[in-house]
Structures are given as C-alpha cells and as structure tokens.
Amino acid sequence: MRSCSDPLPFSGLVALADALLRVVFLKHLRLIPEWGSALGRYVFSAFLIHCRKLQKILSRSKRLIKLEAMTYKLVLLRHGQSAWNNTNQFTGWVDVPLTEQGEEEARKGGQLLKDKGVLPDIVFTSLLRRAINTANLSLDVADRLWIPVKRDWRLNERHYGALQGKNKAQIREEYGDEKFMLWRRSYATPPPEIDIDDEYSQTHDPRYAGIEVPRHEALANVVERVTPYWESDIIPELKNGKTVMIAAHGNSLRAIVKMLDGLSEEEIAKVNIPTAIPLLYELDDNFKPIKPRGEYLDPEAAAAGAAAVAAQGQK
Ligand SMILES: O=C(O)[C@@H](CO)OP(=O)(O)O
C-alpha cells in the first residue's frame, strides 16, 4: 500500500480533488439532484481530507526542491610554487614571488577550472603576491579575470615567526624531527616569535596598518582569524549563489579545510595542500561539505603534490 506522502498517487489525488470540488460546486448551485445530506457530507469531508494530504505532499516536495537547490560551490586554490618553496625556506607572511614553475602551475590550475566547468564568480585572496598572482594567472586561463576580487590579510599564510626565511632542512637538523614537526604541523604550538625589527617581520609593513601584526602563529590562530572572515564575507557570497574561489596558502587553506570538514587536531596535522590544484567543495545549506574533504580537479597530481609538501624539510 502506498503512503499518502508517496508522490506517485499525487496526480490521482489532484484529479480526485478536482472532481469532488466540481461535484460540490455543482451541488451548491443545485445543478445536480439532491444525493441525501449524508452522502453530501461524506463527499465534502473526503475532499477536505484529500486537501490536507495534498498540502503535506506539496510542502514535502517543496522541501525536496529546496534541498536540491541549496548546494554551494567553493574552490580552494593554493598558490603555485613560490621562490621560497623552491629553496625550501619557511615563508609565512614574507611576500615572495612565484617561480616560473609556480606561474605555470597556476595556469594549469586555471585550465582545470575551465575543462571541468568550474567557473568562479568571485575570488578571495590574501594580501600576498604569490596568492594574488596565482588567482590572476588561473582566472585568466579560465577566462574569468573579470570577476570581482576581495583581498584580506585574514587569508594570509600562517605567520611563521622567527622561522620566516630559515631553511626547513637546517631547522630540522638543528632542532630535531619532533620540534620541527611540532612547529610545522601541531595545531596549538606556534614557532618562536619574530623580533619586530627582524628583516622578515611585517610589523612596519603599511599594508597591515590598523591591525595588530602577529609575531608568530599556530594553526589555531589562523582558524581564529579565518573563521569570522568566512562567516562575514565568504558565506554571504555563497548564499547569493556565487561560485567562490579562495586563492590562498597551504596553512590558511588547511584552516578552512579543518573548519569545513570538522577535522580533529590530529587529522589536520596529516593534511597537506598541493600547489595550484583546485580543490572543489560542494556545500549543503549549512555550508558543510556534501563530500568530505572535497574533490581535487586532478586527484593524481594532487596526491603527488601533497606528498611532496609533506616531505619538505628532508634534505
Ligand atoms: O613556509 C610556509 O609558509 C609554509 C607554506 O609554504 O610552509 P609549510 O608547508 O612548512 O607550513
């Protein structure tokens, strides 16, 4: 037996309700003979019951239609290889350029967007040229260079404190594997603070006028700064139905992945984001991933790229 919420008898019900309505209407106009008041009452109440069922079915289908429509597209894109990725130096907020290889990676990322039909309507970047240029190069190839751009320091790379500018392999050798991994991938332990007058400090950088420039950050601090920005600036664009691209950095994107996928501190420690391979998330109406961890537009290259990032620091 079908339940009344089963959509199959839907058209039958509509036809029945319509027929009954006509009968009641004609009877009201006294165009059909008196059937006896009991039958009349029966017909009318049956009609009302069907109306209520009809209402339920309609609101259920409305909910289903709403669910289907309420999915949002988000693309995360880490910048291409930077000069200091190439020389294996901790970078953080130091504004190093892309290498030629990094520029080529960014263009390939754009080609993937184009080939897979993932076309951003708005792009968010950090204030650092490796993310800004990666966004531009990839969007140019995808023929979306014209879309609006929003830049914000809250999408910057994690501030690597006193490690900024230092060679990863040397730091690993000097301080040992445990400390190296603690500084690099632990959730709550920041690296040592940078001196405000250090050549790689951003304390006096005019682009950060008005904000308290960090002297070091753990991933937890990045989550703290990215989350309110996600809520105040990015979610409203998704809500408007925009396909949003965030072109940012290994650790600011890890913060977003942690937040989206609800990963534990241990789980996020194992996540490494490859350079310039778009990571597509489809989000539900609570802005949670429909498919956990999203989908890289080139999964094989992404796996190889992530493994290379994880291996940094080895000689
Ligand atoms: O140096 C950095 O700023 C980041 C990203 O390149 O390095 P890591 O992957 O070690 O966090």
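We count ligands from 1, going down the list as the structure has it; atoms in each ligand are counted the same way. All of these numbers come straight from a predicted model, not from anything done at the bench.
Contacts classified as ring pair (Phe, Tyr, Trp, His ring centres under 6.0 Å) and involving residues 128-174 (residues at least two apart or in different chains) are given here: Phe90-Tyr160, Trp93-His159. Every pair tested for side-chain hydrogen bond (donor to acceptor under 3.5 Å, both in side chains) that includes a residue from residues 288-303 fails, sequence neighbours excluded, so the list is empty.
In terms of modelled atom types and a separation under 3.5 Å, the side chain of Thr227 and the main chain of Val223 share a donor-acceptor contact. A donor-acceptor pair is defined here as one N or O able to donate and one able to accept, closer than 3.5 Å; no such pair exists between the side chain of Ser126 and the backbone of Asn156. Between the side chain of Arg154 and the main chain of Val226, no donor-acceptor pair closer than 3.5 Å is present.
Only the side chain of Asn85 comes within 4.0 Å of ligand 1, judged by heavy-atom distances. When non-hydrogen atoms are compared, ligand 1 lies under 4.0 Å from the side chain of Tyr160 (C-beta onward) but not from its backbone.
Of the protein's non-hydrogen atoms, Gly92 N, 2.8 Å is the one closest to atom 3 (O) of ligand 1. Looking only at heavy atoms of the protein, atom 1 (O) of ligand 1 is closest to Thr91 N, 2.8 Å. Of the protein's heavy atoms, Lys168 NZ, 2.9 Å lies nearest to atom 7 (O) of ligand 1. Of the protein's non-hydrogen atoms, the one nearest atom 5 (C) of ligand 1 is Glu157 OE2, 3.2 Å.
Comment: Lys108 does not engage Glu105 in a salt bridge, judged by the lack of any side-chain N to carboxylate O separation of less than 4.0 angstrom.
At least one heavy atom of Arg185 lies less than 4.0 angstrom from ligand 1.
Under the 3.5 Å distance criterion, with hydrogens and angles disregarded, a donor-acceptor pair is assigned to the side chains of Arg185 and Asn272.
Ligand 1 has a nitrogen or oxygen under 3.5 angstrom from a nitrogen or oxygen of Arg184. The shortest N or O to N or O distance between Phe90 and ligand 1 is not below 3.5 Å.
The Arg78 neighbourhood of ligand 1 comprises atoms 5 (C), 6 (O), with distances under 4.0 Å to a heavy atom of that residue.
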